[in-house]
Amino acid sequence: MGGKSKTGFAAISATATAFLCILLAFSTPYWLVNDGFIADASFQKIGLWEVCFNNFEDFHHRFDYKFTGCWWVFEEEYYIIDDFLLPGFFIATQFFFTLCMTLVLVAAFLTWMYCFCSRDHDKYYLLLLTIASNLILGGICGLIAVLIFGCKGDSRAWMPYWHHNDLGWSFGIACLGALLLFPAGILFLVEARRVRYRRLSGPAPHHTDI
């Protein structure tokens with residue numbers, strides 16, 4: 001990494017920070033949380049893949065079963081409340097944020113390669129463009145996901161006691177991570193432009209471009 005520019009170091013730092021935010025948001029169940037002002041609230045918290053209930057039962061009272069504890073959202077026992085638990089906007093949020101996570105994983109791996117790749121390598125310029133593209137596309141997918149959830153997740157049409165439910169810290173860092181992907185991608189584009197300009201200009205006389 002000794003041969004990287006300040007722009008390259010800034011791009012690596014932004015990518016690493018965004019990756020940690022996206023990973024944490026992807027794996028934690030605090031996208032929507034109960035504020036704690038209601039004793040024994042049936043809804044506690046939910047993330048993309050986990051939901052926590054406390055004696056929650058089907059709104060339509062078709063079944064006597066009550067859900068308590070934290071479970072995977074696709075748990076087989078939840079089939080009786082699938083229509084409530086997994087509305088279209090939530091599935092869309094999962095879909096776009098999973099795309100974001102996948103693109104960021106690819107970008108993180110490519111960034112690791114960039115750290116050890118010589119800038120004289122034939123594919124160095126292409127590597128920079130690929131990283132930038134992955135980051136910006138990931139940012140777009142992540143932004144779509146948080147916008148959907150931000151508009152619909154805290155509405156009165158979903159979880160009970162909607163006026164006592166708040167968007168949680170997992171959602172907050174998802175927003176931060178998605179937004180950070182854009183400057184990270186732009187920094188890699190700036191670095192790619194600099195590399196391309198240097199190659200078109202050619203090395204100065206009696207100067208080794210290392």
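Here the structure is a predicted model, which is why all the values come from computation and not from measurement.
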### Query
Are Phe90 and Ile148 close enough, and set up right, to give a side chain to side chain contact (heavy atoms under 4.5 Å, CB included), and what steps lead you there?
CA-CA 8 Å; Phe90 187 65; Ile148 292 172; over 6 Å; no

### Task
Look at the SG atom of Cys52 and the SG atom of Cys70, then say if they are under 2.5 Å from each other.
yes

### Task
Using distance alone, with no hydrogens and no angle criterion, decide if His164 and Asn34 have a side-chain donor and acceptor under 3.5 Å apart.
no

### Query
Any idea how Phe89 and Phe149 line up, ring-wise: parallel (<30°), tilted (30 to 60°), or perpendicular (>60°)?
tilted

### Query
Taking the six-membered ring for Trp, are Phe109 and Trp112 parallel (under 30°), tilted (30 to 60°) or perpendicular (over 60°)?
parallel

### Query
Which word best sums up how the rings of Trp49 and Phe74 line up, parallel for under 30°, tilted for 30 to 60°, or perpendicular for over 60°?
tilted

### Message
Going by ring-ring contact (aromatic ring centres under 6.0 Å, His included), name the residues that satisfy it together with Phe95, two or more places apart in sequence or in a different chain.
### Response
none

### Message
Under the criterion side chain to side chain contact (heavy atoms under 4.5 Å, CB included), I'd like the reasoning laid out for Met101 against Phe19: C-alpha separation, chi angles, the key distance, then a yes or no.
### Response
CA-CA 8 Å; Met101 183 75 246; Phe19 171 75; 4.0 Å; yes

### Task
Could you walk me through whether Met159 and Leu85 pass the side chain to side chain contact (heavy atoms under 4.5 Å, CB included) test, one step at a time?
CA-CA 8 Å; Met159 290 297 171; Leu85 181 60; 3.9 Å; yes

### Query
What are the two closest non-hydrogen atoms of Ala18 and Gly177, and how far apart are they?
CB-O, 3.8 Å

### Query
Just checking, any donor-acceptor pair under 3.5 angstrom between side chains of Asn55 and Ser42?
no

### Query
According to the interplanar angle, ranging from 0 to 90°, do the rings of Phe26 and Phe97 count as parallel (below 30°), tilted (30 to 60°) or perpendicular (above 60°)?
parallel

### Message
Under 4.5 Å between side-chain heavy atoms, counting indirect links through other Ile/Leu/Val/Met/Phe/Trp/Tyr residues: same cluster for Phe182 and Val190 or not?
### Response
no

